[in-house]
**Q** 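Pasting a structure below so you can have a look.
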Amino acid sequence: LAAIERPPVGLAVGLLVLVTLAASYGVVIVSQGRALFPAHQAGRGATTVNMAQLIGLVLLPIMMGAIIGSFQPSGGFVPEIAYRTAFAALAFCNVCGLLLYLRSTDSRP
């Protein structure tokens with residue numbers, strides 16, 4: 001959505017649905033994060049990983065709102081470039097998270 005100027009509604013909705021379906025991967029992340037900790041600290045490990053996800057869920061919408069709010073409305077509407085910039089920032093955050101995740105060790109329970 002950041003790269004396509006004026007995408008068709010069907011494409012935009014499809015991409016947003018795809019992002020929503022991919023967002024359910026957090027459960028797997030918590031279980032993998034739990035496996036990184038010794039058995040006597042399993043609860044603390046799962047809580048730490050879950051809290052990190054929740055902090056991201058709080059900060060990302062605030063960031064997107066700040067980005068969109070930094071553009072001046074034109075004719076009563078926020079320009080499309082504001083949303084494209086916000087989606088680009090979200091994509092950047094996802095890529096950074098993926099790069100960090102790829103460096104993590106794979107620990108089997």
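Note: hydrogens, waters and symmetry copies are ignored here, and every other heavy atom, side chains too, is used.
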**Q** Which donor-acceptor pairs under 3.5 Å do the side chains of residues 53-70 make with protein atoms, sequence neighbours left out?
**A**
unit_1	atom_1	unit_2	atom_2	d
Q53	NE2	G26	O	3.2
S70	OG	I67	O	2.6

**Q** Do L16 and L1 have side chains that get closer than 4.5 Å, going by heavy atoms?
**A**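 A side-chain contact under 4.5 Å exists here.
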**Q** Testing the basics here: between P73 and P79, what is the closest heavy-atom pair and its distance to 0.1 Å?
**A**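 Heavy atoms of P73 and P79 come nearest at CA-CD, 4.4 Å.
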**Q** Considering non-hydrogen atoms only, spot the tightest contact between I4 and L11 and give its length.
**A** CD1-CD2, 3.7 Å
**Q** Counting only pairs under 3.5 Å, give me each side-chain donor-acceptor contact of residues 81-99, with atom names and distances, residues two or more places apart or in other chains.
**A**
unit_1	atom_1	unit_2	atom_2	d
R84	NE	A2	O	3.1
R84	NH2	A2	O	3.4
T85	OG1	I81	O	2.7
N94	ND2	L90	O	3.4

**Q** Are the side chains of R44 and P38 in touch, meaning some heavy atoms are under 4.5 Å apart?
**A** no
**Q** Do any N or O atoms from the side chain of E80 and from the backbone of E5 form a donor-acceptor pair under 3.5 angstrom?
**A**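 A pair under 3.5 Å: no.
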**Q** Tracing side-chain links under 4.5 Å among I, L, V, M, F, W and Y, which residues wind up in one group with L21?
**A** V9, V13, V17
**Q** Within a radius of less than 6.0 Å around CZ of F77, do more than 12 heavy atoms belonging to other residues, nucleotides or ligands occur?
**A** no
